[in-house]
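Step one of this worksheet: look at the structure below.
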Protein chains: 2
Amino acid sequence: MGRRPTLKTIAEEVGVTVSAVSLALRDDPRISVATRERIQRSAATLGYVYNRHAAGLRRGDSGTVAVCLNDLSNPFFTEFLGHMEARFREAGRMMLFGHANESLDVQAQFIRQMVEHGAAGLILIPVAGTRRDDIAGERARHLENFPVVLISRDVEQTPYDRVINDDALGVQLLFDHLYGLGHRRFVWLGGGKETSTARDRERAFIEAMRAAGLSVDDETIHHGPTSLAFGDTMLERLLGTGEPPTAVLCFSDVIAFGVLAACYRHGLRPGVDLSVTGFDDMGAAAYSSPALTSVRVRTDRIGQRASELLGARMAGDRRPPERVVMPPELVVRDSSGPAPVTRR
Amino acid sequence: MGRRPTLKTIAEEVGVTVSAVSLALRDDPRISVATRERIQRSAATLGYVYNRHAAGLRRGDSGTVAVCLNDLSNPFFTEFLGHMEARFREAGRMMLFGHANESLDVQAQFIRQMVEHGAAGLILIPVAGTRRDDIAGERARHLENFPVVLISRDVEQTPYDRVINDDALGVQLLFDHLYGLGHRRFVWLGGGKETSTARDRERAFIEAMRAAGLSVDDETIHHGPTSLAFGDTMLERLLGTGEPPTAVLCFSDVIAFGVLAACYRHGLRPGVDLSVTGFDDMGAAAYSSPALTSVRVRTDRIGQRASELLGARMAGDRRPPERVVMPPELVVRDSSGPAPVTRR
DNA sequence: TCATGACGATCGCAAATTTCT
DNA sequence: CAGAAATTTGCGATCGTCATG
């Protein structure tokens, strides 16, 4: 048996022209109902499959949207994926998906390929360390006039829409909550210098500390990867300190889960002996032992707003780039409680 | 500035033919080094972007591979994604990604679109309830002669390669472990009738019970969704029973985490008062409170073998479909321990 | 005039074919 | 006549224009 049937195959079968078949399959009213049905029936029996390369070449648009993710192993980011994918599917667009795995090179390669594939737009959660020159200007000519929306992480000086969480507010909410519970010895765990989220949250933490008249030194802030292992080993280390903290604020839920694991092994009761907070409020935060106090980042709203913005850009919107900052919500659960009074 | 530059634009700039440019950009030796460099330089300054629709139309292959996932919210499945994506990128193929969200309709829609996009092959984790007719035969003509590899979940009577975990062995390992610790009152939590994994694991559990001379009744097996919430509420319900189990075998780690959460709230010590086991051994299993005894499904090996098989099929391999069953490994941690003797 | 559908050009690239030195 | 270079053809769908009853 030969190759795949094409419009021509159907046209010959039915005895009409190729263009008539094309129109009929798209339910164009210029073709009478009778012939349309004959054509569609023939297409079905022949096992016709639409060729998007041909259509894309002719039309210049492939009907796809590209999404490039920094890290799949963190469920927080896959939450975005779920929200976006649903919205694009509703809009009849397929999602071209890339996983950059926190590598700048892979990210660059992906973005280029997606443009080559004729994606109509790009949603990007930039990998750590992404700077303006990586995604705009000389080294990214292919992104000129290309619709791009950044989510979750901001990259400054970029001519793109951005939809991000209000990280400063989130930290403020957590700090106020813990301070109100009487905590004075704080530690900040995680983050780094390579993402806007890490920088913004740390800065907000430092400002909150200063505003409360508390000093920040080398023992107060510990950078590290967003992993369970980091939270776990860091708490181990803190327990060896002369004066352990009473409250541990983690850059992310994932890190906080690691901290809880270490607490468990040491017989420390989170929320009683030590308060632990996360950030993101991913689904699992309600089911840790104990349930985690966190800040809910509205991945749903961020995803929704981002797809709206991208949709508008793809439709030709030329207004100056917008920077949307989505407010998070404090979620108090059992991993935070009054500062212990017996220790000092 | 008009449209995107094409090969023709470059050809006119440099003063050669379109085909020369085409060859030069692909580093074909038929073009002398000197002109090749002139051409590539011109392409760079013009901001030329390769048009994969045109190339794909001409060549009949788009260089993409499709992956259709059942459920993104379960990190176990995204582990596959990570492994596959890495391997395909190494092979120079882009990944077209679809998220079926456990919906048969969405899955069907995706598969069709992916074929339309000229994907060279498809890796599929079928959604729950997928049967032969959904992905082969009359209702899926477009998959005739199309390379497909099923992973994780089997669909019987399908003419495709399959790479799955040895679920019966996994359950056997867990059961023997717990039985050896003295447990006699077991409960099975999760699964259902709609996936091969759920059926195989449940069947293996029943067989193990029978072989051990233990009876299986309505109180022994509880089907339900693979979610934290299910594990949580089911344990609540079991605690209300007259004679609670001493060992809870969960269909998946996710469910087990939910069980651990409920244990925590009730002051039950997993591994002491009650033994809890998961299945999959996803990354988080080592960091729950307490660390979870589970069975490690080798997502890495399954992913690797699946991409190898798909690669061979895409290269024209016509041997009969293969069914690869990957052995899992028991991982004993702290959520399982000797059966309590004080209770009965 | 209107509804229906035929016709041919075209998208950008790559492979086959022809022409040149 | 070999080898390099230029030319032509065609992938499969879409769109604008034109023809027919």
Side-chain angles (χ1 to χ4, degrees), chain A residues 2-40 42-43 46-64 94 112-113 115-120 142, chain B residues 2-40 42-43 46-64 92 112-113 115-120 142:
Chain A
R3 16 187 343 95
R4 268 192 195 172
T6 70
L7 291 191
K8 196 173 164 200
T9 323
I10 302 173
E12 284 164 359
E13 252 251 330
V14 181
V16 293
T17 63
V18 173
S19 21
V21 178
S22 172
L23 292 171
L25 292 182
R26 284 177 292 157
D27 289 328
D28 191 291
R30 272 175 291 181
I31 305 296
S32 70
V33 181
T35 45
R36 179 197 307 172
E37 282 182 353
R38 273 168 57 222
I39 289 171
Q40 294 187 341
S42 164
L46 285 171
Y48 169 75
V49 177
Y50 186 62
N51 183 327
R52 284 177 192 260
H53 280 311
L57 174 59
R58 182 61 236 236
R59 295 214 296 202
D61 170 29
S62 69
T64 59
M94 255 197 83
R112 172 151 205 122
Q113 286 189 340
V115 178
E116 293 175 352
H117 264 282
H142 45 287
Chain B
R3 12 184 349 92
R4 266 194 197 169
T6 71
L7 291 190
K8 195 172 164 198
T9 323
I10 302 173
E12 285 164 358
E13 252 251 331
V14 182
V16 292
T17 64
V18 173
S19 13
V21 177
S22 172
L23 293 170
L25 292 182
R26 285 177 289 157
D27 290 328
D28 191 291
R30 274 175 289 182
I31 304 296
S32 67
V33 181
T35 44
R36 179 197 307 171
E37 284 183 352
R38 273 170 57 221
I39 290 171
Q40 294 188 340
S42 164
L46 285 171
Y48 169 76
V49 176
Y50 187 63
N51 183 327
R52 283 177 191 260
H53 282 310
L57 176 58
R58 183 63 234 238
R59 296 216 295 203
D61 170 28
S62 70
T64 58
R112 172 149 205 124
Q113 287 189 340
V115 178
E116 293 175 352
H117 264 282
H142 46 286

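Throughout, protein chains are lettered first and strands after them, A, B, ... in sequence-line order, and every chain is numbered starting at 1.
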Just jot down the side chain to side chain contact (heavy atoms under 4.5 Å, CB included) partners of Arg58(B), sequence neighbours excluded, or say none.
none
Selection: residues 27-37 of chain A, any non-hydrogen atom under 4.0 Å of DNA chain C:
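DNA chain C contact set from residues 27-37 of chain A: Pro29(A), Arg30(A), Ile31(A), Ser32(A), Thr35(A).
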I need the residues from residues 48-59 of chain A with at least one non-hydrogen atom less than 4.0 Å from DNA chain C; give them sorted by number, or say none.
Leu57(A), Arg58(A)
His117(B) vs Thr64(A), test: side chain to side chain contact (heavy atoms under 4.5 Å, CB included). Steps then yes/no.
CA-CA 10 Å; His117(B) 264 282; Thr64(A) 59; 3.4 Å; yes
For nucleotides 18-21 of chain C, give me every protein contact, N/O to N/O, under 3.5 Å, one pair per line with atom names.
none

Salt bridge flag under 4.0 Å for residues Asp28(A) and Arg26(A)
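Here Asp28(A) does not pair with Arg26(A) in a salt bridge, since their nearest N and O are not under 4.0 Å apart.
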Do the side chain of Ser62(B) and the main chain of Gly56(B) share a donor and acceptor less than 3.5 angstrom apart?
no
Glu13(B): partners by side-chain hydrogen bond (donor to acceptor under 3.5 Å, both in side chains), with sequence neighbours left out
Ser42(B)
Partner residues of His53(A) under the side-chain hydrogen bond (donor to acceptor under 3.5 Å, both in side chains) criterion, sequence neighbours left out:
His53(B)
Quick one: pull up OG in Ser19(B) and CD1 in Ile31(B) and give me the separation to the nearest 0.5 Å.
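Nearest 0.5 Å value for the OG-CD1 distance: 8.0 Å.
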How many angstroms lie between CG in Leu23(B) and CZ in Arg30(B), if you round to the nearest 0.5 Å?
5.0 Å
Tyr48(A) vs Leu25(A), test: side chain to side chain contact (heavy atoms under 4.5 Å, CB included). Steps then yes/no.
CA-CA 11 Å; Tyr48(A) 169 75; Leu25(A) 292 182; 3.6 Å; yes
Mind listing the residues from residues 5-26 of chain A sitting with a heavy atom below 4.0 Å of DNA chain D? Number order is fine.
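Hits under 4.0 Å, by residue number: Thr6(A), Leu7(A), Val18(A), Ser19(A), Ser22(A), Arg26(A).
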Applying salt bridge (Lys or Arg N to Asp or Glu O under 4.0 Å), name anything that partners [X], two or more places apart in sequence or on another chain.
{"X": "Arg112(A)", "value": "Glu116(A)"}
{"X": "Arg59(A)", "value": "none"}
{"X": "Asp61(B)", "value": "none"}

Heteroatom pairs (N/O) under 3.5 angstrom, protein to nucleotides 19-21 of chain D:
none

Is Thr6(B) close to Asn51(B) at the side-chain level, that is, under 4.5 Å between some pair of heavy atoms?
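The answer is no, as the side chains (C-beta and beyond) never meet within the 4.5 Å cut-off.
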Would you check if Val21(A) and Val14(A) make a side-chain contact, meaning some heavy-atom pair closer than 4.5 Å?
no
Asp61(A) has an atom CG; how far is it from atom P of dC15(D), in whole Å?
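Asp61(A) atom CG is separated from dC15(D) atom P by 11 Å.
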Inter-end axis angle, the helix from dC2(C)-dG21(D) to dT21(C)-dA2(D), with every axis fitted to five base pairs (rounded, 10 degrees)
50°
Using every non-hydrogen atom in the two residues, find where [X] and [Y] come nearest and quote the distance to one decimal.
{"X": "Gly47(B)", "Y": "Pro5(B)", "result": "O-CG, 3.8 Å"}
{"X": "Leu57(B)", "Y": "Ala54(A)", "result": "CD1-CB, 3.8 Å"}
{"X": "Ala43(A)", "Y": "Ile10(A)", "result": "CB-CD1, 3.6 Å"}

